[in-house]
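Written below as structure tokens is the structure these notes are about.
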Amino acid sequence: MKIIMLGAPGAGKGTQAQMIADKYGIPHISTGDIFRANIKNGTELGMEAKKYMDQGLLVPDELTVKILLDRVAQEDCRGGYVLDGFPRTIPQAEVLDRSLEELDSRIDYAIDVEVPDENIVKRMSGRRACLACGATFHVEHVPPKQEGICDRCGKDLVLRDDDKPETVQNRLTVYHEQTQPLIDFYGRKGILKTVDGTKPMQEVFGSIAEILGNA
Ligand code: AMP
């Protein structure tokens, strides 16, 4: 099963993607996490990506598409995957489609986690991330067991630079201009499913699990 998560930054699609990955035993692939891992390791890709990420802009398609296609070609992706944060532009979606077609495959579901802009800025300022393992929490909605400490790996949690309020507004503008058109793109293909992302996390996941069924 191949799934794409759509939704504004801060809509909770990362959390839902991880829950899907756990339930269905498929990898959770986040291009944001791949970039952050590269930044942490000081790679050339990481240094290039950081220039855009720190401003709330998208990393250019040439860089992003390559890392994603390399990742989904790996062995653990044979049984499917859930993509979180990719595609973010129509050209990215088209490249993904073409490369899947070559393998006689396709995306099964595009799940849009819908949350109005008003809720997003508030949510993102409460978000806390573990830069070591990529887990995300929220001070109100998904608090870690111990404040400031990652449940998964025990490292410190931080407010990511790109979750700071001044950057969030840019990210929302970029989302509406470049990513939202994907909702129509997948709607036209007949694989778009929409869930109400303002509901509590478990309820949102309940709606998603209903869509995906026992696949
Ligand atoms: P995320 O963790 O998905 O919110 O991504 C954090 C940042 O990484 C984004 O604001 C972009 O700068 C960059 N990024 C992640 N995925 C993509 C993508 N598919 N295309 C372009 N930039 C991306």
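Just follow the structure's listing: the first ligand is 1, and inside any ligand the first atom is 1.
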Report yes if some heavy atom in the side chain of [X] is under 4.5 Å from a heavy atom in the side chain of [Y]; otherwise report no.
| X | Y | answer |
| --- | --- | --- |
| V72 | L83 | yes |
| F205 | K23 | yes |
| H141 | T15 | no |
| K2 | S105 | yes |

Tell me: protein heavy atom nearest [atom], and distance?
| atom | result |
| --- | --- |
| atom 21 (C) of ligand 1 | V59 O, 3.2 Å |
| atom 4 (O) of ligand 1 | R171 NH2, 2.5 Å |
| atom 23 (C) of ligand 1 | F35 CE1, 3.8 Å |
| atom 1 (P) of ligand 1 | R88 NH2, 3.5 Å |
| atom 18 (C) of ligand 1 | T64 CG2, 3.4 Å |

(request) Decide whether T198 and N119 meet the rule of one side-chain donor and one side-chain acceptor closer than 3.5 Å. (result) no

(request) Consider only side-chain N and O atoms of H176 and D117, and report whether a donor and an acceptor are under 3.5 Å apart. (result) yes

Give the numbers and elements of all ligand 1 atoms closer than 4.0 Å to a heavy atom of [X].
| X | result |
| --- | --- |
| T31 | 15 (C), 16 (N), 17 (C), 19 (N) |
| G85 | 16 (N), 17 (C), 18 (C), 19 (N) |
| G32 | 2 (O), 5 (O), 15 (C), 16 (N) |
| D162 | 6 (C), 7 (C) |
| Q92 | 18 (C), 19 (N), 20 (N), 21 (C) |

(request) To the nearest 0.5 angstrom, please state how far the CD1 atom of I111 sits from the CD atom of Q16. (result) 9.0 Å

(request) Select one of side chain, backbone, both or neither to describe which atoms of R160 lie under 4.0 Å from any atom of ligand 1, heavy atoms only. (result) side chain

(request) For ligand 1, note which part of L57 has a heavy atom under 4.0 Å away: side chain, backbone, both or neither. (result) backbone

(message) Quick test of your reading of the model: are D76 and R78 salt-bridged, counting only N-O distances below 4.0 Å?
(response) no

(message) Whether the side chain of Q169 engages the backbone of P165 through a donor-acceptor N/O pair (distance < 3.5 Å, no angle test) should be reported.
(response) no

(message) Evaluate R127 for polar contact with ligand 1, using N/O atom pairs at a separation under 3.5 Å.
(response) no

